[in-house]
Amino acid sequence: MHDFRYKNNKLYCENVRVEDLAKKFGTPLYVYSYHTLVDHYLKLQSAFSEIKPLICYSVKANSNLSILKALVAKGAGLDIVSGGELFRAKKVGCPAARIVYASVGKTNQEIRAAISSGILFFNVESLPELENINRIAASLDKITRVAIRINPDVEVKTHKYIMTGKLTNKFGIDLESAYKILLLRAKFRNLNICGLHIHIGSQITESEPFVEAIKKVSVFIQRLKAKGISLEYLNIGGGLGIIYDREAPQTAQIYASQIIPLLKNTGLKIIMEPGRFIVGNAGILVVKVLYVKRTLQKKFIIVDGGMNDLVRPALYSAFHNIWPLNKTAKCEKADLVGPICESGDFLAKERSIAKVKEGDYLAVMSAGAYGFSMASNYNSRGRAAEVMVSGSKAFQIRKREIPADLVRKEVISGELKKL
Ligand SMILES: *Cc1c(COP(=O)(O)O)cnc(C)c1O
């Protein structure tokens, strides 16, 4: 599953003792296992080898250049959602033909940059966006490929903030509207509408909603065929769930066996956009205990990492396992909290956590996806350092931010003195 294990009661990432990393690089510290990262990518690749999809890793899950570089080197494409992510994709040398771009709010500048780079296609989320991309492509004298993102209106069992495939969500276009657009496709002279896209949500642990959504688009693809509209690509998005606690998510194999027959039937080239599945369990956040505080009601373990480093517990009430770096049988119920001035600043609540003292370290598990990429500088805290481990080697892939980084773009204007 992943390469974070105890050996003689000490937590290791591959062959490196995590405590050595914490001491060398400081905390809070993100630690990634190269082997776990690549292994998850290869697991998907081999599960789907029969249909050889283009696997576009979802950059927003973890956009560190070294993570992207490692996956692109293995043949992955990238799924981007902004001009900033396009910049990262180019920076790591991802071939443009392996980049797809989704987002409900692409700006003209972002659209222009993506067209000029020659990305594989845009995943278009509304009619006004389609018209805008057509207009910009015309101004650049280009024909641009787009896929229509379908909102298939399927229910998924996940946190409501990460459901994206219901008609009440802002994403995609309903089937009937998409049908009308496709009938009128000749009108968009600078677009080649070459595919359909779905992405129904994240941390989905069962195959059923994927199957249901793919069935819906398959019927739609047949309906288009009957009208003489043929497409080249079906992009099935990401969303595969991982184990944070006691979930029993479908494996890559089961997921593949459920949907490959449906995908083959469409006759289209398949694209997928996994993020969390690839990187989620490849990373941990290591924090140091600052104080153990007992109040009249509770025990709080106060650590040097908080919601600005890992916002998932605060944002989604997400569960992360908390492992001590030195394994012990002695546990006690506590809240694991950060130093930030918000009651929402917790990493775990009312949990049985190893008995620790000041200076001890704890690992927040499964923090590789939507961890660092959602980090902020709230409370003027520099963002954490990131380290990658491969075998017995460990190397920094992002330096810790220092206070000067925090104010680098700020200006104390001369105008202030005149007020
Ligand atoms: C976020 C996102 C993904 C990745 O989702 P995961 O749950 O991390 O696999 C894929 N496609 C789109 C369009 C997304 O917005």
Side-chain angles (χ1 to χ4, degrees), residues 37 40-41 43-44 47-48 53-63 67-68 71 76-82 84-86 89 98-106 110 114 119-126 129 146-152 154 156-166 169-173 195-207 209-210 213-214 217 233-244 247 249-252 255 259 270-283 312 315-316 318 366-374:
L37 176 76
H40 282 144
Y41 170 75
K43 268 193 181 121
L44 267 182
F48 283 90
L54 174 61
I55 303 176
C56 292
Y57 164 71
S58 179
V59 172
K60 75 179 191 285
N62 187 319
S63 45
I67 300 264
L68 304 183
L71 294 168
L78 297 174
D79 158 42
I80 61 168
V81 293
S82 70
E85 289 190 353
L86 175 64
R98 303 205 310 240
I99 300 175
V100 292
Y101 184 177
S103 155
V104 294
K106 305 173 187 88
E110 288 174 319
I119 63 164
L120 181 59
F121 57 71
F122 290 95
N123 293 305
V124 173
E125 312 236 11
S126 66
E129 184 198 333
V146 301
I148 305 277
R149 178 166 179 176
I150 299 291
N151 184 322
V154 295
V156 295
K157 284 196 204 116
T158 192
H159 191 278
K160 67 175 189 298
Y161 287 0
I162 51 176
M163 281 178 194
T164 56
K166 288 288 290 171
N169 301 130
K170 69 178 174 181
F171 301 99
I173 300 174
L196 298 178
H197 173 226
I198 46 172
H199 171 69
I200 56 176
S202 197
Q203 185 53 17
I204 301 168
T205 52
E206 301 159 319
S207 310
F210 292 114
I214 293 168
V217 282
Y233 297 98
L234 173 59
N235 179 349
I236 60 170
L240 281 173
I242 63 166
I243 301 176
Y244 284 100
E247 301 91 342
Q250 76 259 301
T251 60
Y255 175 61
I259 66 172
I270 303 300
I271 304 218
M272 49 202 291
E273 306 171 325
R276 190 189 309 271
F277 180 86
I278 290 178
V279 76
N281 274 320
R312 299 188 67 257
L315 187 60
Y316 310 127
S366 315
Y370 308 103
F372 190 94
S373 65
M374 287 183 137

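Counting starts at 1 for both ligands and their atoms, following the listed order. Note that the structure is predicted; figures quoted are calculated from it, not measured.
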Could you tell me whether K60 and E85 have a side-chain N and a carboxylate O separated by less than 4.0 Å?
no
For F122, is the NZ or CZ atom of K106 found under 6.0 angstrom from the centre of its six-membered ring and inside 45 degrees of the ring axis?
no
Could you work out, with side chain to side chain contact (heavy atoms under 4.5 Å, CB included) as the rule, every residue matching A369, not counting sequence neighbours?
A61, R276, V279
Among all residues two or more places apart in sequence or in another chain, which pass the salt bridge (Lys or Arg N to Asp or Glu O under 4.0 Å) test with K166?
D153, E155
Residues at least two apart in sequence or cross-chain that pass side-chain hydrogen bond (donor to acceptor under 3.5 Å, both in side chains) with H197, listed by chain then number, are E273
Side-chain donor or acceptor of N281 paired with backbone N/O of I243 under 3.5 Å:
yes
Give the residues near ligand 1 by chain and number, with the criterion being a heavy-atom distance under 4.0 Å.
S58, K60, D79, A102, R149, H197, H199, S202, G238, G239, E273, P274, G275, R276, Y370
